Amino acid sequence: MAFEKVEPKVDFPALEREMLAYWEKTQAFDKLRELNQGNPKWSFLDGPITANNPMGVHHAWGRTYKDLYQRYHASLGQELRYQNGFDCQGLWVEVEVEKAHGFATKKDIEKFGIGKFVQECKDRANHYAAIQTEQSKRLGYWMDWDNSYFTMSDENNYGIWAFLKKCFEKGLIYKGKDVMPWCPRCGTGISQMEMNEGYREVGHTSVFVKFPLRDRPGENLLVWTTTPWTLSSNVAAAVKPGMTYVKVKQGDEFFYVGKENFENARSQPVEGANKSNHPSLMAITAMFKNNGEFEIVEELLGETLVGLTYDGPFDMLEGASEAVGAHRVIAWEDVTATEGAGIVHIAPGCGSDDYRLGKELGLPNIAPLFEDGCFRPEFGYLAGKRFDQVADEVVADLKNRGFLFAKEQYIHRYPHCWRCKDELVYRLVDEWFIKMDWRDEIMNSAKKAQWIPEWGLDRELDWLHNMGDWMISKKRYWGLALPIWECGACGHFEVLGGKDELEARAESGWEEFEGNSPHRPWVDEVKICCTKCGDKNVSRVKEVGNPWLDASIVPFSTMGYFSDPEYWKEWFPADFVVEALPGQFRNWFYALLTVSTMMVEKPPFKVLKGHGLVLDDTGKPMHKSEGNAIWFDEAAEEIGVDAMRWLYAKTSPERNVLFGPHHCDEVRREMILPWWNIYSFFCNLARVDNFDPKEQTTTDDERSLLDNWILSDLNKLIAIAHEAYSKFDVAKLCNESRRFIEVLSTWYVRRSRRRFYGPEWTADKRSAYSTLYEVLTTFNRIIAPIVPFMSESIYQNLVANQAEDAAASVHHTSFPQSNAALIDDELSSQVAATLRLVSLARSARKDSKLKVRQPLAELVVVPANDVEGQAVARFEDHFLEELNVKKVSTRDGAADTVTTTLKPNMKTLGAKLGRHAAAGRKMVADLNPAEVEVSLRGGGTISLTIDASSEEGTIELEAQDVVITKSYGDDWAGACDGATIVMIDKRLTPELKHEGIARDIIRNVQNLRKDAGLDIADRITLSLCSENAQLGEAIAAFNDYIASETLATNIQTTPIDSPTGKVEVKLDGQTISISLVKAVLVDS
RNA sequence: GGGCUCAUAGCUCAGUUGGCUAGAGCGCGUCGCUGAUAACGACGAGGUCCCAGGUUCGAGUCCUGGUGGGCCCA
């Protein structure tokens, strides 16, 4: 069957949709699974994508890797699971559902009904999972889409219960307190990651306050804070032991303050362009000045202050009573000399550093706020007021009671809720934790896996080493129901490990729960009996779980650990996982390792590969709000997903990829179009010639040098491809492929073009066809995992439609194997030398100012090595044609035609010579240029003694000290590179001149034919009219040549009546009129 | 403050275990080609391989210390 015509201009997105339809129609994916069923397994584990929005282009990077490595392993015949995952539970889904309803606080949700709310969250996850499924298919991502896992599934949730139960049995689950960023409006803690989203610049009233020392009447600590309301909860004041402090006397009072803090100018930590908008801060010295005269009476180290007790500013409040006896100066290394007063206000109930410090030292925690950010009743005049509305009142009060030293407006970046934009507050809360004192075991697991890049392991170990206990609770609604039942009567708590255990332990509520998923509010109906005190009404705690738990149980829950252990053993651990690097060390990678180490004491993956972020065209992060984010659908239909996939595949994974019009265009130009053009060139000729790959075959003997060379290169590429895919380094393959396409297009195809044109099936033509056919089909298979659509389309035309027994899809065929017998390194190096010599000769031709159309008599090569000499001998024809010369020859030396001249470079030489400049200059000028060139090449030096009597009279001459130029005389143009010299004879004989003119004419005729809309095969009658004698001679001399090249049946020197095409051009300054008409062929 | 990482042409990036004259694409300039090509090709200009030391016959590459950027932790 003939090849289908290939349009050189293709709508790639349309072609991709066509291939999608073909796969759908032929059930190509299912067929592939059937083919590999029962074969050795390759286990890939998918990190779940958050099913909360449509995909952006950034999602496509990881998914491209996931698909292409799976396709490679399938092409080796391996059986795969092809299971995609969706991450469904968590605050991000809740937020979107809240937005849709216009909810502002948790109370709105409770009023709406937790059951209804949770159901809507589920619906939303399902909705976007469906959209992402369709988008992934469009990406060409072959997965078992009917069998994706959802982290909200019962199996997954109960799997986590089993994990938590195991932790509980080892005594690792506990209820603890921590101070964390809290949004009073949303009523929830905010994680570190969420907090990073929400920093905004705001102004706060900051104050310097006095803490009077109890044992030293009249002496005060000077303390600074940007959050005056937290003074209500002050417990201690911290100094840095080794830092120098000063004791300042003003009036009857003394103040302790950090020496540098006291003396130095203060600046606001503001970045960039906003700087000028901010008032500068008053130095502490200046504050004192404002209050009158002062003097420094003593310098002392911070350690001498430690242990002193003081009166707090709010000791009269009932809520602060616990702090009164605790007020003292403590030591803290993190106190800085650049911010505040060098003495830091510590409120362990209101700050996270404060809390940690307080915990170490056993300080009491004062937690003044309710969930909604309002003060508790025991805080006097503050009671019932919100923390962010009391600054003025507090300042006035401090002033009245003599605690205020100074106040100011302070502008800084402060965390805000990323959802409602309210200011966050640090608040002491009860949360549930997993103790992490077994981190060494997790670190051992991490070390057992291979990390790509390797430093990923160091990074993970660093995190594991430093991380605190894992806070697994969140005071929200939509998420894993933490299986912790806590007895309200005695405080005893237990963790249940699964549905069966829950049923067995249920005292009441089972009927209400049964049939529902283990989520709030349904699971909360179930009450159990306290094993300690016998209370029969023990409830589950209200909290839901950390979403990373959801995603990290999947190597167990989705692989049948709980339901089908035999199956699980076959697929665990995964051979490969790949995800975006930033963030995942403390998220998914960490959680996976933790859960898996607890469950089976080993890592759930053998190889973990990470990749970077997707940035915009200019290297900036993509943000919806900045308008530089790109949706997946938009990009897919604009540039096509093959181009997108290639862009992702060719980027070094550990760095970021720049995605935008410019970079996509580059991919199209360097890879997609050249590859398609070679294919369409071949295919359209093959149609005309009725090439049949089974009929027109060739033998090794018949292959040309170029054929052997390109096959050698191809087989090398196959070996590289196997290595790159199996080591997960596809970027390397992309680089090599690009190089291959380039040499294939610009050397093999271009140099071989004419071999395809003849009418007869000569051995050479068969050889050209069958070689290029093999190269096309093989290379197509190599890159199929990366560009599945384009390669499928090419395969369909070149292979599938040619043979009944061919596989239905390129993705059903097995990966090519490299044939070492076809690799010829010597030939490759000779071709490389040829390319280099031709390039040099072009440079020489350019220098000659004679265009390539003008034939010249001779090219002379002075080879630098044997390979170059062999190249000239073996590829003589190519030199002749490429450079349009009549003869090519080699010579050992070129001393007779090339003059080498040497000029001293006084810029560098002058400095070396100093006072010997004049003599040295002469000496250098007298050196033998050719010998100097040889000596200096490759970094050598020449020792010159100008004046033996002085030490500086001897210098080392280096390459940079001289300028070496070559001239080739009037008759030759030349170029050199290293030791290689090429020269072209510039002398034009009349014969050569005539041939040049003939070729110019041919070119103009060809253009005219094209403009006249003639078919390539149309015959013409040609008229060439010129009054110039030289043109006439040229036409006469090359009449046959012109006729055969332009398919002219007749060339006349008189004008044609009503020509189809006519043009007047100037050749060599002389006018010639060219016209033509399609010849009428008479059947003979 | 600690960990990891990056720094190569105007821009985006290659550069295996140290090895001949440090490369590509884009952009720029010049020329050419244009019956496979949404084009393309050739040639050219453009480099302190961030800085300073060290190891070595030899360092973009290895080591130490800085500077600057990124990520993470504190």
Side-chain angles (χ1 to χ4, degrees), chain A residues 6-12 192-193 196 333-334 336 352-353 356 453-468 581-587 610 612-613 615 617-619 621 650-652 654-658 660 662-663 665-685 720 723 729 731-732 734-736 738-739 742 745-747 749-750 753 756-757 838-847 849 851-853 864-865 882-883 936-939 959 975 977-980 1003 1006-1007 1009-1011 1013-1018 1046-1047:
Chain A
V6 179
E7 293 304 329
K9 300 184 179 186
V10 200
D11 178 351
F12 284 105
Q192 185 73 37
M193 251 172 78
N196 288 340
E333 282 302 326
D334 287 357
T336 72
S352 102
D353 287 339
R356 242 186 317 277
E454 278 178 44
W455 52 260
L457 174 61
D458 297 332
R459 191 79 174 264
E460 188 64 49
L461 292 177
D462 182 54
W463 163 256
L464 286 167
H465 184 73
N466 289 311
M467 73 193 179
L581 276 180
Q584 299 300 353
F585 293 106
R586 61 166 199 273
N587 291 332
L613 294 172
L615 307 175
D617 234 2
T618 60
K650 78 161 195 164
T651 302
S652 294
E654 62 259 47
R655 59 170 64 236
N656 298 328
V657 67
L658 272 49
H662 176 74
H663 290 86
D665 208 47
E666 196 173 309
V667 166
R668 213 179 50 181
R669 257 199 319 243
E670 78 182 15
M671 151 66 198
I672 307 281
L673 290 179
W675 174 232
W676 190 264
N677 289 332
I678 295 166
Y679 159 63
S680 83
F681 163 78
F682 171 85
C683 210
N684 292 339
L685 284 172
I720 290 169
E723 195 191 335
D729 184 14
K732 181 179 180 180
C734 289
N735 277 334
E736 289 295 325
R738 188 187 133 184
R739 186 199 55 76
E742 191 182 323
S745 168
T746 64
W747 193 245
V749 172
R750 197 167 53 81
R753 213 173 339 182
F756 293 87
Y757 290 163
V838 166
S839 169
L840 255 186
R842 284 204 177 102
S843 181
R845 266 209 87 117
K846 185 181 164 66
D847 207 35
K849 305 244 190 309
K851 52 192 162 193
V852 182
R853 263 198 311 280
N865 51 48
E882 277 294 299
L883 299 160
L936 295 185
R937 183 178 299 142
D977 182 38
T980 312
R1003 170 174 164 250
Q1006 301 291 30
N1007 277 344
R1009 286 180 58 110
K1010 199 172 167 187
D1011 293 344
L1014 297 186
D1015 188 80
I1016 305 174
D1018 283 341
T1046 62
L1047 299 185

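All of these numbers come straight from a predicted model, not from anything done at the bench. Reminder, nothing fancy here: chain letters follow the sequence lines and each chain counts from 1.
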Counting only N and O atoms by type, is there a donor-acceptor contact under 3.5 Å from the side chain of A:Asn656 to the main-chain atoms of A:Gly619?
no

Residue list, salt bridge (Lys or Arg N to Asp or Glu O under 4.0 Å) with A:Glu723, at least two apart or on another chain
A:Lys727

Would you classify A:Asn865 as touching base, sugar-phosphate or nothing, given that sugar-phosphate means primed atoms plus P, OP1 and OP2, and contacts are heavy atoms under 4.0 Å?
nothing

Integer-rounded Å distance: B:rC4 P and A:Asp458 CG
7 Å

Using the test side chain to side chain donor-acceptor pair (under 3.5 Å), find all partners of A:Asp729 that sit at least two apart in sequence or belong to another chain.
none

Near RNA chain B, which residues from residues 459-467 of chain A have a heavy atom under 4.0 Å away?
A:Arg459, A:Asp462, A:Trp463, A:Asn466

Using the P atom on both, measure B:rU17 against B:rA7 and round to a whole Å.
15 Å

Closest-nucleotide ordering on RNA chain B, the 5'-leading residue of A:Asp353 and A:Asn684:
A:Asn684

Are any of A:Arg1009's side-chain N or O atoms less than 4.0 Å away from OP1 or OP2 of B:rG35?
no

Under the ring-ring contact (aromatic ring centres under 6.0 Å, His included) rule, collect the residues that match up with A:Phe12, sequence neighbours excluded.
A:Trp676

Quick one, which residues of residues 669-678 of chain A touch RNA chain B with a heavy atom under 4.0 Å?
A:Arg669, A:Leu673, A:Asn677

Could I get the full list of salt bridge (Lys or Arg N to Asp or Glu O under 4.0 Å) partners for A:Arg669, not counting sequence neighbours?
A:Asp665

Expressed in whole Å, how much space separates the P atoms belonging to B:rU64 and B:rG69?
22 Å

May I have the distance from A:Arg750 (atom CZ) to B:rU34 (atom P), rounded to whole angstrom?
12 Å

Measuring only the P atom in each nucleotide, how far is B:rC26 from B:rU21? A whole number of Å is fine.
28 Å

So, using side chain to side chain donor-acceptor pair (under 3.5 Å) as the criterion, who are the partners of A:Glu882 when residues are at least two apart?
A:Arg750, A:Arg751, A:Arg842

Considering only the P atoms, how many Å lie between B:rC51 and B:rA9, rounded to the nearest integer?
11 Å

Residues in salt bridge (Lys or Arg N to Asp or Glu O under 4.0 Å) with A:Arg655, at least two apart?
none

Detail all sub-3.5 Å separations between protein N/O atoms and N/O atoms belonging to nucleotides 7-17 of chain B.
residue : atom : partner  : partner atom : Å
B:rA14  : OP1  : A:Ser652 : OG           : 2.6
B:rA14  : OP1  : A:Arg655 : NE           : 2.8
B:rA14  : OP2  : A:Arg655 : NH2          : 3.1

Between CH2 of A:Trp455 and C1' of B:rC71 the distance, given in whole Å, is 8 Å

Taking all non-hydrogen atoms of both residues, which atom of A:Pro621 and which atom of A:Leu615 are closest, and how far apart?
CA-CD2, 3.6 Å

What I want to find out is whether A:Arg459 reaches A:Asp462 closely enough, with some N-O distance under 4.0 Å, to be called a salt bridge.
no

Looking at B:rU34, I'd like to know if its phosphate oxygens (OP1 or OP2) sit under 4.0 Å from a side-chain N or O belonging to A:Arg1003.
yes

All stems that RNA chain B takes part in, i.e. 3 or more consecutive Watson-Crick or G-U pairs with distances under 3.5 Å, are B:1-7 with B:67-73, B:10-13 with B:23-26, B:28-32 with B:40-44, B:50-54 with B:62-66

According to side chain to side chain donor-acceptor pair (under 3.5 Å), who are the partners of A:Glu654, at least two apart in sequence or on a separate chain?
none

For A:Trp463 and A:Phe585, the nearest pair of non-hydrogen atoms, with its separation, is CD1-O, 3.5 Å

Same-atom distance (C1') from B:rC57 to B:rU12, integer angstrom
37 Å

When the distance from CD of A:Gln584 to P of B:rU5 is rounded to whole Å, what number comes out?
19 Å

Closest non-hydrogen contact found for A:Val657 with A:Thr651 is CG2-OG1, 3.1 Å

Let's see if you can work this out: which of B:rG41, B:rC4, B:rA42 has an atom nearest to the side-chain heavy atoms of A:Thr746?
B:rG41

Go nucleotide by nucleotide along RNA chain B from the 5' end; which of A:Phe12 and A:Gln1006 gets its closest nucleotide reached first?
A:Gln1006

In whole angstroms, the gap separating P of B:rC71 from CG of A:Leu457 amounts to 22 Å

Tell me the closest heavy-atom pair linking A:Leu1047 and A:Arg1009, and the distance in Å.
CB-NH1, 3.6 Å

Set of residues satisfying side-chain contact (heavy atoms from CB on, under 4.5 Å) with respect to A:Glu666, sequence neighbours excluded:
A:Lys650, A:His662, A:Glu670

Atom pair CG (A:Asn466) and CZ (A:Arg586), whose distance is rounded to the nearest 0.5 Å
13.5 Å

If the C1' atom of B:rC72 is compared with that of B:rG60, how far apart are they to the nearest Å?
28 Å

The side chain of A:Arg738 lies closest to which of these nucleotides: B:rC4, B:rA36, B:rA24?
B:rA24

Please determine whether any donor N or O and acceptor N or O are separated by less than 3.5 Å between the side chain of A:Arg753 and the base of B:rA36.
yes

Between C1' on B:rG35 and CG on A:Asn1007, what's the gap in Å once rounded to a whole number?
10 Å

For B:rA59 versus B:rG19, give the span between their P atoms, rounded off to a whole number of Å.
11 Å

Distance between the C1' atoms of B:rC13 and B:rU8, in whole angstroms?
9 Å

